[in-house]
Peer 1: 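Sharing a structure, written as structure tokens. Questions coming.
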Amino acid sequence: MIYFMVPRKIQWVILLAASCFFYLCSGVKIIFFLLFSTATTFLAALMLGRLSADQKLKMNQLSSDEKKLVNELFKKKKRLVVVAALLLNFGLLFILKYYGFVAESLQAALSMVTDSFSIPQIGILLPLGISFYIFQSTGYVIDVYRGKYEPDKNPFKFALFVWFFPQIVQGPIGRHDKLAHQLYSPHRFDADKMKYGLQLILWGYFKKLVIADRAAVVVNQIFGNYTDYSGAIIFFGVFMYSIQIYCDFSGGIDIARGIAQGSGIELAENFRRPYFATSLSDFWRRWHITLGSWMRDYLFYPISLSKPFVKLGRKARKRFPGRTGKILPTSIATFIVFFVIGLWHGGNWKYVFFGLYNGVIITFSLIYEPTYQRICDRLHINRESKSWYAFRILRTLAIVTVGRYFTRGNDLVTALLMIKRTILYFGTGSMTAATISTFGLSNSDWAVLIVSVMVMIAAGVLEERGGNVRVELEKRKPILQIAVIVIAIIVLTAFGIFREGYIASEFIYRQF
Amino acid sequence: MSSKKWLLAFTICILLTAAVVAALNWVTDPFGVFGDKNLNWYSFNFTNNPRAAKIAYLDQHADEFDSYLIGCSSTSSFSVERLNKYMNARFYNLFMYGADTYDTLETARYVLENYETRNLVLNLSILNAYYYNYENDPLTDSLHAKVDGSSLPKFYLKYLFANPRYALNKVDALRKDSYLPKTFDVFDVKTGSYNKCARDIEPIGKMPAYLEAYPVFANYPSASYNLPQTENCLASVAEIKHLCEEKGVNFILIFSPLYVEHASYFNKAEVNNFLARLAQVSDFWDFSLSSVSDDPRYFYDATHFRNCVGDMALARIFGDDNTYIPSDFGVLVTADNAAELWSKTRSVASGYTAQVPILMYHHLSEGEASSTVIPVKTFASHLQALQAAGYNTISLSQLKSFVENGDKLPKNPVVITFDDGYESNYSLAYPLLKKYNMKATIFVIGSSIGKDTYKDTDYPITPHFSYDQAQEMIASGLVEIQCHTYDMHQWQDYEQGVARETISMLEGESEEDYIAGLRSDFEIFRKELQTNTESQVFAFSYPKGEYNTLAAVLLNEAGITVTVTTEPGTNTVIKGLPQSLLGLHRYGVNGNMSAAELLDLIP
């Protein structure tokens, strides 16, 4: 509200102040990391900007021979700056997030050889949302390096870009060219946007508090005591986790986007109904979109367009004529990307495995696509039919669910043991009322959960068909619209905040 | 509808919801902070947040008390009644579960400043040196704003707009409330202690059974935690002591009994250091490790000792000779004797348990045997065989005083009991008991004493002995007459409506009626027996061996400390553990059982 009351020129200052306040509330130590990352990327971009300006200036004065030389020089300098900025930031991330993991793994490897050497362990708590803002600010540096846009001159405005509070906990990872000018420019109060924002926030809280926090009870019980349950139930638990993680993450994003939208700022879309994806690669285009596109722009393309890769591509095409040769370099790049995505989730072998699992499946589906099509033709499967479409969605859902064993299992070994149990001791008959009662949800909670998930699926189907829930709602009579508000608020107050007490529910993705 | 109207509607809805939530929280007051005028259910409020609710309660009731017990949850086991008796005071148990010494200090400060106080008893547990100022949840763990000095308006707003689930739970719980404590009302408001009535009547006997019932003892994890909050804890204790001295309040410091495995959860050197430092701060009664620590049956769970252990501790502090106290249990530690005390090695306790078989007879006859009718000759042979085999019959009083006062039992004790109170017990069994100088307990049905017809009818039944005959037997010192209900062991054949064959609740009977019925039945029995024989009722034989927790609790409240069932088995009775006298097993003696078979039956 204050935001709309202050003079338009300093609206952005209010946003910055709010962001600072938000961060101060979550701990003073954290600020240090945030400042570090903001300062390094801001300065790096500034230097890159200055270098580019110098470069242009010099170019005008030089002959063409010298131009080439100077160009090279500037290129080197710029590369140095960008590499330094990336190293500093990812180095920090590495130390905070992966040092323990790498040290442990090295130690384990070393212990096979010698016992006398020990790698020191450090214990630092992961600062709030660190990987999100590091990705956001490094993306900015790379864009400036590529000359996509000019660097930001005002450190405070830049700070707002990195610190903008709705997105800082778990994204979406914003792009400077899309987000920054929105943040700086003045906004008038807009009832439509405020309404949309509030609706999005309600929807987000509904997913988070009503669905995710309920599903979490079941998930924690099954994952915590998986040896007590049959394979079918473990699979059910993993499936519930799929629901939980989606509602948790996308709910949080909706809340963030809703808050921003209320003040007239559009944050990037992060989810597009991922569980309606028809293939795993389609899934990754719909799930955590901003991370995926970050990886695409700053990792996948640079790798596949890099010199060694282009060479490799040529060689591959010679060695394996036909499809395999064409696909090989892309596959390797995909592999690397998923390896990094896996690692991004945290320093643990289970995440590495998770990344590789996705990489393998996507690569194989690329390689065997023709075979696959031939099989379909043989079986006379109509690939336009609805049932084929449904099958593809379910198949993708199954593949994604299997991947969740790794992200949610305590560690790699546990995840593999759980998969083993799922396969060897499937025992479908074990889903009795008595077993269900051990999950920790009362009958009424189950009812709330099931109805809520169905509401969510219905909304998903509508949107998947090109509809829009908001627009549909707006068409209805006022009394119905008010009824929806009343129902939403009652549902949230009565069934939300599921855990006893007022423990602010933690979002799962903030840890990543 | 335009967006502006939508926003208006939305705002109104939000405000209305807030108003409804506030009204709900105000009316039901699930934390008691608003005085709980409507429901006045502080047992529930204490359970939600003992810190805030107990202060809110005492603000209304402080004039009823002049002394306070304070500490974490194990403090609950120190009986307010005993303290009142020993110190001629009016104690309130102001313990707060999970309390750390920050909570304790601030609460003590508030009490000393605002309530008239004569005595303050502070109980410490080992965990107090482990946690300090630890708050998990702002609604359920927070201190009252009056106590920790935080903003009062904020405090009240927090509870006014608390999650409505608490309020709804309270309304729901109101519907589910029963005589026995449920998980939502674990406190006894009058004393401030936990209402442990249900756990205090659970029969306890052999160790394996207890470990099976409470696996936490059997699978206790091993660890060696440090005590990082030693300094904070000691400073708080010193401050409480100082505050008491300033106000001239009598201060007693107790260190809780610890289950041995729980004690070993912490680094031994740190524990010793903590206790040594504590002795520098104040004299204190140390109950931490003793023979009690070694036996899990003295503990509700790994971190909570039983009420009976609290009784022993208080008896030690106040020199009460009428209560059993293990010799190594509890010592007053001062700065001077601390080092010497802890250099001693702990002794292993023995002889505090006894194996006691109980035999169950019914009717005797001079004729044929049946499952419940024992030929008098067989009975005589049983007595001879028991005596020859070195068994000593004891009365239930003796068993009781073994447990309660630690009195000695003869070797190879055995208890003989008769159910129902048949005349044959007097005419046939009693002469034999006299002849061999052996003891027995007869459980009589009050309504059939002296009768040979069924109650007020003409239906003939096996004759029952009279009060005069009972009195004669009691006077011999060999026989005790105890309770088999007044009229809750009816015969369906002779009753008009639904007969009450056991003390179980009847179908469709309300809890209220059941409680009233059971109480009055026992009260009639007690009065009649006392009037006619002057003997006190302390033992109860459950008709058909059937009972339930509620019945056991009600009987316990009425003064029954020994109960017997029809389940066969030998009993392990344990000194200082009254629960070991409950639900005692009995070997049913068959009319066709030879003396040799009887001896085979009992160990």
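Side chains are part of it too, since the values below use all heavy atoms of this structure and drop only hydrogens, waters and symmetry mates. A, B, ... follow the sequence lines: proteins, then strands. Residue 1 opens every chain.
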Peer 1: From Lys195(A) NZ over to Lys4(B) NZ, what is the distance, rounded to the nearest 0.5 angstrom?
Peer 2: 12.5 Å
Peer 1: Would you call Arg165(B) and Asp445(A) a salt bridge, taking side-chain N to carboxylate O under 4.0 Å as the test?
Peer 2: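 The answer is yes: the pair qualifies as a salt bridge.
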Peer 1: Quick check for you: to the nearest 0.5 Å, what is the distance between Ile14(B) atom CD1 and Ile489(A) atom CD1?
Peer 2: 4.0 Å
Peer 1: For the CG atom of Leu198(A) and the CH2 atom of Trp6(B), what is their distance to the nearest 0.5 Å?
Peer 2: 5.0 Å
Peer 1: Count the heavy atoms belonging to other residues, nucleotides or ligands that lie under 6.0 Å from OH of Tyr156(B), then report whether that count exceeds 12.
Peer 2: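 Yes, enclosed.
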Peer 1: So for atom CD1, which belongs to Ile479(A), do other residues, nucleotides or ligands contribute more than 12 heavy atoms lying within a distance under 6.0 Å?
Peer 2: no
Peer 1: Are there over 12 heavy-atom neighbours, none belonging to Glu212(B), within less than 6.0 Å of that residue's CD?
Peer 2: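 Atom CD in Glu212(B) is not crowded, with 12 or fewer foreign heavy atoms closer than 6.0 Å.
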Peer 1: Just to verify, which of Ile482(A), Leu202(A), Val486(A) counts as forming a side chain to side chain contact (heavy atoms under 4.5 Å, CB included) with Phe10(B)?
Peer 2: Leu202(A)
Peer 1: Rounded to the nearest 0.5 Å, what separation is found between the NZ atom of Lys193(A) and the OG atom of Ser3(B)?
Peer 2: 12.0 Å
Peer 1: Measure across Thr493(A) and Asn163(B) and return the closest heavy-atom pair with its distance rounded to 0.1 Å.
Peer 2: O-OD1, 4.4 Å
